[in-house]
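Both counts, for ligands and for their atoms, begin at 1 and track the order of listing.
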Amino acid sequence: MKRILVTGGTGYIGSHTTVELQNAGYEVIIVDNLSNSNAEIVGKIAKITGIRPEFVQADCIDSAALKQVFERYPGIEGVIHFAASKAVGESVEKPLLYYRNNIVSLLNILELMPDYGVKGLVFSSSCTIYGQPKKLPVDENAEIQPATSPYGNTKQINEEIIRDAIYSGAPYKSIVLRYFNPIGAHPSAEIGELPLGQPQNLVPIVTRTAAGVRKEMFVFGDDYNTPDGSCIRDYINVVDLSKAHVIAMDRILNSNSEKLEYFNLGTGRGLSVLELISLFEKSTGVKVPYKIVGRREGDIEQIWADPTRANRVLGWKAEESVEDTLRSAWEWQKRL
Ligand code: UD1
């Protein structure tokens, strides 16, 4: 059984990916500092798959602690690196924290990988690196634009670090996955996006409003240059997204793929904020009271993926409908 280290494995995308890795026959070791998740997730994963992943509570900025993980679990063949701070607003207030967490973690992993014969890294990047693309849908060759937040900048810098390390002849391969907007939860409703602190992302806010945790939600702007005036995004089911990580890891370990590859992970379909709210109401039968307010600073007007490369090269495609995905988010909210 191939051993994979999943950093941030109790987090939102990390936990769903752990499930898919186990389903595909990989042995998973999770490292997580639990800064934005909790240890109970390990048990939930076990409940879904019947296998308890190994779990080490450690911070990836602690190189000695990470080294211990590689010592304790010999033969790790691949790393999927999710562990990172991800709140855009917080990153503007605490930029140094974001640079330390997101940059040092990656450096530690890349420095340790050759010592333990790790063959590859799958890295969580974001469509945020494209800024507002000039051409839509956006493919992997689109220009990378100056980041508008320290968080976004850490993703760009991380991509550059990986590129430079690989080009310098590092003895491993990497696949960089650029996510669009991951939403939804596992169909079992055992795992999903934990609302630690105030959620900032659209779907957790929609489900909390539907549940009455919030009286109403705000739609940030209806005066954009889009058909209904609200922003457009490409919302991708988290389980679909997770499956792409398994395929990427298989590709690194079992094929003679290029040393470094990039893939956009999205559905190829753009949905406006108003369309998403209306689809949520239609597919769950639950009303979401909202008010249109001013634009949110730093928002991109519209972006959706051209996922052709991932479809063709990885043989991966987003399969869940957005209706089913929104229903899964609602089931998860009800469980909470
Ligand atoms: C945000 C981050 C992005 C990050 C991603 C992770 C910003 C500017 N970008 O993307 O860097 O990779 O999360 O998931 O924060 N909206 C409302 N009302 C709300 C909340 C959101 O109308 O209460 C709208 C937003 O204006 C936006 C859309 O919903 O148009 C999606 O927002 P969100 O879920 O926060 O994702 P992004 O901003 O696309």
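For NZ of Lys94, the number of neighbouring non-hydrogen atoms (other residues, nucleotides, ligands) closer than 6.0 Å is 12 at most. Residue-environment remark: CG (Asp223) exceeds the threshold of 12 foreign heavy atoms within 6.0 Å.
A salt bridge links Arg178 to Glu159: one of the charged nitrogens lies within less than 4.0 Å of a carboxylate oxygen. Classification of Asp59 and Arg100 as a salt-bridged pair fails, no side-chain N sitting under 4.0 Å from a carboxylate O.
Listed for the Asn158 side chain is a donor-acceptor partner under 3.5 Å among the backbone atoms of Asn102.
Contact atoms of ligand 1 toward Thr128: 11 (O) (distance under 4.0 Å to a heavy atom of the residue). Remark: ligand 1 atoms within the under-4.0 Å shell around heavy atoms of Val219 are 22 (O). Taking every heavy atom of Gln200 and a limit of under 4.0 angstrom, the matching atoms of ligand 1 come to 20 (C), 35 (O). Numbered from 1 in the order shown, with element, the atoms of ligand 1 that lie under 4.0 Å from a heavy atom of Phe218 read 17 (C), 18 (N), 19 (C), 22 (O), 23 (O). Interface atoms of ligand 1 facing Val273, defined by a heavy-atom separation under 4.0 Å, are 22 (O), 24 (C), 28 (C), 29 (O), 30 (O).
Counting only heavy atoms of the protein, atom 25 (C) of ligand 1 lies nearest to Asp299 OD2, 3.5 Å. Among protein heavy atoms, atom 11 (O) of ligand 1 sits closest to Tyr151 CE2, 3.3 Å. Of all protein heavy atoms, the one lying nearest to atom 31 (C) of ligand 1 is Tyr235 OH, 3.5 Å. Of all protein heavy atoms, the one closest to atom 30 (O) of ligand 1 is Cys231 CB, 3.0 Å. With respect to atom 38 (O) of ligand 1, the closest heavy atom belonging to the protein is Arg296 NH2, 2.8 Å.
For Lys67 and Tyr116, the side-chain atoms include at least one donor-acceptor pair closer than 3.5 Å. Judged by distance alone, the side chains of Ser272 and Asp228 do bring a donor and an acceptor atom under 3.5 Å apart.
Of all the heavy atoms of Ile205, the ones lying under 4.0 Å from any atom of ligand 1 belong exclusively to the side chain. Of all the heavy atoms of Ile300, none lies under 4.0 Å from any atom of ligand 1, so neither backbone nor side chain is involved. If you look at Lys86 next to ligand 1, there are no close heavy atoms at all, none under 4.0 Å. Residue contacts with ligand 1 for Tyr179 are absent, since no atom lies close enough (heavy atoms, distance under 4.0 Å). Contacts between Asn201 and ligand 1, counted as non-hydrogen atom pairs separated by less than 4.0 Å, involve both the backbone and the side chain.
The shortest N or O to N or O distance between Phe220 and ligand 1 is below 3.5 Å.
Scanning Lys155, Arg233, Arg178 for the heavy atom closest to atom 27 (C) of ligand 1 points to Arg233. The option from Val88, Leu202, Asn181 that lies nearest to atom 34 (O) of ligand 1, judged by heavy atoms, is Leu202.
Looking at heavy atoms from C-beta onward, Trp316 lies in side-chain contact with Asn311 at the 4.5 angstrom threshold.
Under the 4.0 angstrom criterion for non-hydrogen atoms, Tyr12 is not in contact with ligand 1.
Because its NZ or CZ atom is both nearer than 6.0 Å to the ring centre of Tyr224 and within 45° of the ring axis, Arg295 counts as a cation-pi partner of that residue.
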Verdict with supporting geometry, His16 and Phe82, ring pair (Phe, Tyr, Trp, His ring centres under 6.0 Å): CA-CA 11 Å; His16 288 81; Phe82 294 104; over 10 Å; no
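Between His245 and Phe123, a ring centre-to-centre spacing not shorter than 6.0 Å is recorded.
Among Leu121, Leu110, Val79, the one residue that satisfies the side chain to side chain contact (heavy atoms under 4.5 Å, CB included) test with Ser174 is Leu121.
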